[in-house]
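Everything on this sheet refers to the single structure shown next.
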Number of protein chains: 4
Amino acid sequence: MEFRDNKAIYLQIAEFICERILLKQWAVGDKIPSVRELAVQLEVNPNTVMRTFEFLQQKDIIFTKRGMGYFVADDAENKVKTFRKDDFLQNDLPVFFKNIQLLEIDFEELKGRFEEYKG
Amino acid sequence: MEFRDNKAIYLQIAEFICERILLKQWAVGDKIPSVRELAVQLEVNPNTVMRTFEFLQQKDIIFTKRGMGYFVADDAENKVKTFRKDDFLQNDLPVFFKNIQLLEIDFEELKGRFEEYKG
Amino acid sequence: MEFRDNKAIYLQIAEFICERILLKQWAVGDKIPSVRELAVQLEVNPNTVMRTFEFLQQKDIIFTKRGMGYFVADDAENKVKTFRKDDFLQNDLPVFFKNIQLLEIDFEELKGRFEEYKG
Amino acid sequence: MEFRDNKAIYLQIAEFICERILLKQWAVGDKIPSVRELAVQLEVNPNTVMRTFEFLQQKDIIFTKRGMGYFVADDAENKVKTFRKDDFLQNDLPVFFKNIQLLEIDFEELKGRFEEYKG
DNA sequence: GTGGTCTAGACCACC
DNA sequence: GTGGTCTAGACCACA
């Protein structure tokens, strides 16, 4: 997996996992791949994956059963959605609007690009 | 000046300066406040301001005359705009679209919020 | 390490590193000693080494892997050589020729001194 | 006049004056243009020219008569030549030889470029 | 362990 | 006055 440079890798992995959950590819109670497995697959240090898991566990999105691994928590999808939406509305959107104004980007143009993106 | 915690202060100062330029408050050839002056005004260490200036000079947005200070470079406004736009289109926008989809946010609703923001 | 006084230390360290690369003592992909390590070895402040690294990274001669250190970039040897040669031909050589003429130094004499220098 | 950025302007002006002397355009006893005159001509701050004069006077290359200006000192040409030659042999030449070796520049090629330069 | 950022304070050369 | 370099020491995030 390719990582952007402006955000911690462990957070990008967290997003990766959350997206799996949002897209319902991993459902409540499902076992998440092991630290080692993910580390190999994503080509990162196992410590980094471990850190992601701790981060998500602390947010009640996943939980651990000793000796068995990590699992998707109850209501994980909603939690993820709520976290992301709050973050989005409070942090991303104002910055986004500011950029649109300063860069003089037309809102209608955006719509076009969005259709393109979806397609 | 208040700084967010998730981004280096020297970069936030760089944005501050770029916005002055974008808003045409500082025009081509204008002298930028001195390192010490800005440091006092923004309540940061002079080294931090110095770092901002080095960063912006390296991007050809400002330049230095020895012993005289820093000045806004030719065509700085366009350079700033281009850098920001490129960054926005390549990095921010895809993330933004992805969020809209995953969070199931209505595009029309956004428009409303934008009008609100502008008002 | 001893430093001359008429040039910034961080630039002298940059030259030191570039020479290691030119002399093929450090090859592409090799890890460069850490900031702290070099700082101790060269008896300078870690910040000064850091500055050297930023300078060389900006010139694409070295690159960083987060949390792992700095490494010699692809094609670093050629880049170093090109930078130095350009600089030499554009700046040093004209000054050199001017001096030879003004000081009335015989070109053949130079050759002798060069043989001596090499020996 | 255009100045390089890697050397203090007042020293570049000193070289400019020394070259006039070496080229016998300004002879012993000749009056040197006034601080203001040179400052205007070279497009620099008068303080900077003043500093050059102090520097050259301290090296006995020029001298001042109160209220009359600066003049070329006795034997100035030889002094300049000696200073420059010493500097050249001790400082420039070793660096020059080192560069030639590292950059793998052929000595014969140099000769060609020199002929070109002279022509 | 690694890099990266920041502060505090000093000193220098230059204009 | 201006920028520029350096030291000392701290603290943080990341692997």
Side-chain angles (χ1 to χ4, degrees), chain A residues 3 5-13 35 39 42-52 54-55, chain B residues 3 5-14 31-39 42-55 57 62-71, chain C residues 3 5-14 31-39 42-55 57 62-71, chain D residues 3 5-13 35 39 42-52 54-55:
Chain A
F3 296 99
D5 212 52
N6 57 358
K7 200 165 187 177
I9 291 177
Y10 83 95
L11 289 176
Q12 296 184 53
I13 297 175
V35 171
L42 303 177
E43 296 173 342
V44 297
N45 191 299
N47 286 330
T48 307
V49 176
M50 196 58 215
R51 191 153 178 189
T52 301
E54 284 167 359
F55 174 76
Chain B
F3 296 101
D5 210 51
N6 59 353
K7 199 167 189 177
I9 291 177
Y10 83 94
L11 291 176
Q12 296 184 52
I13 298 176
K31 186 177 179 308
I32 290 176
S34 78
V35 172
R36 289 159 173 82
E37 223 174 313
L38 264 184
L42 303 176
E43 297 175 322
V44 297
N45 188 287
N47 285 330
T48 305
V49 175
M50 192 66 212
R51 204 162 172 184
T52 301
F53 283 9
E54 282 169 0
F55 175 76
Q57 182 174 38
I62 63 177
F63 66 94
T64 176
K65 286 190 206 165
R66 286 201 291 206
M68 307 191 61
Y70 277 89
F71 299 79
Chain C
F3 296 101
D5 209 51
N6 58 353
K7 199 165 188 177
I9 291 178
Y10 84 94
L11 290 176
Q12 296 183 53
I13 297 176
K31 184 175 180 308
I32 290 175
S34 77
V35 172
R36 289 161 174 81
E37 222 172 314
L38 263 185
L42 303 176
E43 296 175 322
V44 296
N45 189 286
N47 284 330
T48 305
V49 175
M50 192 66 213
R51 202 160 175 186
T52 301
F53 284 8
E54 282 169 0
F55 175 76
Q57 183 175 36
I62 64 178
F63 66 95
T64 175
K65 285 190 207 166
R66 285 201 292 207
M68 306 192 62
Y70 277 89
F71 300 81
Chain D
F3 296 100
D5 213 53
N6 59 358
K7 200 166 187 177
I9 291 178
Y10 83 95
L11 289 176
Q12 295 184 54
I13 297 175
V35 171
L42 303 176
E43 295 172 341
V44 297
N45 190 299
N47 287 331
T48 307
V49 176
M50 197 59 214
R51 192 155 178 188
T52 301
E54 283 166 1
F55 174 76

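Computation of the quantities below employed the complete heavy-atom set of this structure, encompassing side-chain atoms and omitting hydrogens, waters and symmetry-equivalent molecules. Residue numbering restarts at 1 for every chain, and letters A, B, ... go by the order of the sequence lines.
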Minimum-distance pair of heavy atoms, taken over all atoms of [X] and [Y]:
X        : Y        : value
Met50(C) : Tyr70(C) : CE-OH, 3.6 Å
Thr52(B) : Tyr10(B) : OG1-O, 2.9 Å
Ile32(B) : Phe53(B) : CG2-CZ, 3.6 Å

Residue [X], side-chain atoms from C-beta onward, closest of [options]:
X        : options                 : result
Ser34(B) : dG3(F), dT7(E), dT7(F)  : dG3(F)
Tyr70(C) : dT5(F), dG3(E), dG4(F)  : dG3(E)
Arg66(C) : dC6(F), dC14(F), dT5(E) : dC14(F)

[X] has an atom [atom1]; how far is it from atom [atom2] of [N], in whole Å?
X        : N       : atom1 : atom2 : answer
Phe53(C) : dT5(E)  : CZ    : P     : 15 Å
Met50(B) : dC12(E) : CE    : C1'   : 13 Å
Gln12(D) : dA13(E) : CD    : P     : 17 Å
Tyr10(C) : dG4(F)  : OH    : C1'   : 8 Å
Ile13(D) : dC14(E) : CD1   : P     : 12 Å
Ile9(A)  : dG4(E)  : CD1   : P     : 13 Å
Asn45(B) : dG4(F)  : CG    : P     : 16 Å
Phe55(D) : dA13(E) : CZ    : P     : 13 Å

### Query
Can you list the stems that include DNA chain E, where a stem is three or more consecutive Watson-Crick or G-U pairs with distances under 3.5 Å?
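In DNA chain E, stems of three or more pairs: E:1-14 with F:1-14.
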#### Entry: Comparing Val44(C) and Met68(C) on DNA chain F - which has the more 5′ nearest nucleotide
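Whichever sits nearer the 5' end wins; that is Val44(C).
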### DNA chain F: 5'-proximal contact among Thr48(C) and Lys31(B) (nearest heavy atom)
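Taking each residue's closest nucleotide, the earlier one in sequence belongs to Lys31(B).
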### Query
Which comes earlier along DNA chain E counting from the 5' end, the contact point of Gly69(C) or that of Leu11(D), where each point is its nearest nucleotide?
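So the residue in question is Gly69(C).
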### Task
Please evaluate the base of dG9(F) for a donor-acceptor partner in the side chain of Asn47(C) within a cut-off of under 3.5 Å?
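Answer yes: a donor N or O sits under 3.5 Å from an acceptor.
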### Query
Does the dG3(F) base have a donor-acceptor partner in the side chain of Arg36(B) within less than 3.5 Å?
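Check passes, donor-acceptor contact within cut-off.
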### Query
Nearest 0.5 Å, what's the OG1-CD distance between Thr48(A) and Gln12(A)?
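Answer rounded to 0.5 Å: 11.5 Å.
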### Message
Taking 4.0 Å as the cut-off, does a side-chain nitrogen or oxygen of Arg51(B) come that near to OP1 or OP2 on dT5(E)?
### Response
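Yes.
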### Task
Evaluate side-chain contact (heavy atoms from CB on, under 4.5 Å) for Glu54(C) paired with Arg51(B), printing each intermediate quantity in order.
CA-CA 12 Å; Glu54(C) 282 169 0; Arg51(B) 204 162 172 184; 3.0 Å; yes
### Task
Output, in order, the C-alpha distance, side-chain angles, deciding distance and verdict of side-chain contact (heavy atoms from CB on, under 4.5 Å) for Phe3(C) and Ile13(C).
CA-CA 9 Å; Phe3(C) 296 101; Ile13(C) 297 176; 3.8 Å; yes
### Task
Answer yes when Lys31(C) and Glu37(C) have at least one side-chain N-carboxylate O distance shorter than 4.0 Å, and no when they do not.
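No, no charged N to carboxylate O under 4.0 Å.
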